[in-house]
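For reference, the structure discussed in these notes is given below.
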Amino acid sequence: MKTHLLLVASAAFLLTACASKQPAPAGKPASRSTGPSAEQIAAVSPGLARFTAQTIDAGLWNRPGLSRRDRSLITLSAQIARNQSTELGNQIAFALDNGVTPAEVSELITHLAFYASIGNAMSAVTAARSVFVNRNIGIEALPAAQGGLLALDEKSEASRAERVEANFGAVAPGVVQATTDVLFRDLWLRPGLSPRDRSLVTVSALIAVGQVAQVPVHLNKAMDNGLTEGEVSEALTQVAYYAGWPNVFSAMPVVKDVFSKRPA
Amino acid sequence: MKTHLLLVASAAFLLTACASKQPAPAGKPASRSTGPSAEQIAAVSPGLARFTAQTIDAGLWNRPGLSRRDRSLITLSAQIARNQSTELGNQIAFALDNGVTPAEVSELITHLAFYASIGNAMSAVTAARSVFVNRNIGIEALPAAQGGLLALDEKSEASRAERVEANFGAVAPGVVQATTDVLFRDLWLRPGLSPRDRSLVTVSALIAVGQVAQVPVHLNKAMDNGLTEGEVSEALTQVAYYAGWPNVFSAMPVVKDVFSKRPA
Amino acid sequence: MKTHLLLVASAAFLLTACASKQPAPAGKPASRSTGPSAEQIAAVSPGLARFTAQTIDAGLWNRPGLSRRDRSLITLSAQIARNQSTELGNQIAFALDNGVTPAEVSELITHLAFYASIGNAMSAVTAARSVFVNRNIGIEALPAAQGGLLALDEKSEASRAERVEANFGAVAPGVVQATTDVLFRDLWLRPGLSPRDRSLVTVSALIAVGQVAQVPVHLNKAMDNGLTEGEVSEALTQVAYYAGWPNVFSAMPVVKDVFSKRPA
């Protein structure tokens, strides 16, 4: 029986090791896509250890259609939106090993302070701070507090602001004002994350918590920002594992509808 | 670079300090609206440190239209409903500094045991117990276990019970019975929280987790209990930051509809 | 006042003790349905201590219509789906005392890795591992990593796969493929949890997070797998307490509709 456990655990470890194409920085242990070790998972569920090693680490993360770097952006977004604080430390380290820069991690957390709540961002701050300290990542690697904004698309922003004002200006003027001033004339223009990545983060966070009502606006914006149908499709596969099948099955009809209505 | 960090952090600290109108109890450090310190936030994201200090602490919490005490009721409800246990300790201390009484904190947690689940309430119990111990808040400050109930509006309760029985009496008699006996003939009549505050807590918790289907009934009840359109509108602004923009954008059409259908 | 507290706490303890029909294993303290002790709850809210002891421990858990073992399956599913990690350790120990086997706990976690996300499963792994170590539960008590699958109902699976392929094959081929290969030709056929229990876990998890869109398919499958109307009805009562009233009120119209459309 001990042998059984060791075999499962070793197989899991080998598969995980094989799955990792990018070596960890010299002198640091390889980061993993999850918190508990393969042995710890197998001590509760040998089946789950197998799925984690084979289906997720060796399978999902190596699928074509999306880089490991993009998969990490999606996974981080899903787990921060779901406030999965115990997994976040590992996931942030894994994202850095997969090519997400510290500046992008920093800005992704800033973005989700608005799209997943300040409380979710604060859990992520706590997790990220440990990783940054461990890896000697200092403030010089992070986006500035302010300034250097991207150019605003005045026409498209005017049309967005007009639509939201017409719908909700009388119901919640404070929300409408902050959406313009804080979100679309500040946050979305910060250069720390490309508009395409910012959109990918937003859409992933929405699907991850079942907020399908806001998907059409943000998925269209994401595709305007350069995300392709193929990438969206593969993002759904990634989110299925990291936010659960039901959230993806509820999002698929909405995604299908957005795809069908876009000009070819 | 160190200087850069210190400047951001100091600015954040000063802004936070300015934002706090009520002094903390003598001999205790001022409580804050979030867990990590301004320095800790800036070490992960200088931008987020700026937003937290300027947009939230100095901005949001000082907006007119809703007292800081009401903002704390809303924020606590959102964070308990979202089970953000790492932020809760700070938020409870901050609520007490903003004029929410220990009895109201206690009763808000009891209320959300039913509207956000017993598990969420237990995380809040753990967080509140530390704060109560630190501040020497004993059982004499808390609502009694039982008794002294507010008068029941028999007519309105009969109509509610009849509607729910007709809809769901055959599907889930256990739920229907407990809704009457435990919720509407006990919990809602407990004097530890005014009906208006209890409704504010309920509506905030619903919007904070995207449960819009239950908003119409509870928002109408809230406004029957004295919550004004202006207060609801401003509550949405508060919830946007503490539960994320998407939950508020999904709630606004429902709130708009409730507003439009109420007698002028 | 101290007396007041002691009375509430003692009453709570006595009621909890009475509620527990199954003795804990000799030499181990009785497990409880929640983390904080009755005294700790009463120190924050005497009212909540009363509701926990009388309404939940002595009331809910002893209602007819569903065994304590089934109530534990439902409660565990709800709390894992909601990622309530601080309550999970107690809930897992309580489930074992209520007759859920270690193999079933293990397999329930494996199942929810897909229906609630791998991150939620990892929090559960951490909680379960402590309980398993404390109770000397080794790998020989757990379902195997692989093999010994139940027979597949080829006709019903072909019809499911065809429907999903037609709907979403072009939108998210990766999701559709994994749904067939990983979920329906592997996970659902694992013998560690009976199909009826697996369905109960799935439906409980869906309702617990407000994912009503996926309830019709899975509730029909659950009833095909032997779950009765009476059991579903009583499961709603259990979920009301462990996932909050709003999630159950949003699920009831969907459950009612499924009931009404099934052949008598």
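Just so it is clear, the model here is predicted, and its values are computed rather than measured.
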From Ser233(C) atom OG to Phe168(B) atom CZ, the distance as rounded to the nearest 0.5 Å: 12.5 Å

Flag, side chain of Lys256(C) to backbone of Asn167(B), donor-acceptor distance under 3.5 Å: yes

Engaged part of Glu87(C) at the chain B interface, taking heavy atoms whose separation is under 4.5 Å: side chain

Toward chain B: residues of residues 240-255 of chain C with heavy atoms under 4.5 Å: Ala240(C), Tyr241(C), Tyr242(C), Ala243(C), Gly244(C), Trp245(C), Pro246(C), Asn247(C), Val248(C), Phe249(C), Ser250(C), Met252(C), Pro253(C), Val255(C)

Segment of Gln84(C) engaging chain B (4.5 angstrom heavy-atom cut-off): both

Gap between atom OG1 of Thr55(C) and atom CG of Leu187(B) - 0.5 Å precision: 10.0 Å

Contacting moiety of Leu88(C), where chain B heavy atoms sit under 4.5 Å: neither

Residues of residues 111-130 of chain C within contact distance of chain B, non-hydrogen under 4.5 Å: none

Heavy-atom pair count under 4.5 Å with chain B, highest-scoring of Ser85(C), Pro36(C), Gly210(C): Pro36(C)

Test side-chain contact (heavy atoms from CB on, under 4.5 Å) applied to Ser45(C) and Leu142(B), Thr110(B), Ile139(B), the passing residue: Thr110(B)

Evaluation steps, side chain to side chain contact (heavy atoms under 4.5 Å, CB included), between Ile109(B) and Val44(C): CA-CA 9 Å; Ile109(B) 293 171; Val44(C) 169; 3.9 Å; yes

Step-by-step side chain to side chain contact (heavy atoms under 4.5 Å, CB included) determination, Val171(B) to Leu236(C): CA-CA 9 Å; Val171(B) 174; Leu236(C) 289 168; 4.2 Å; yes

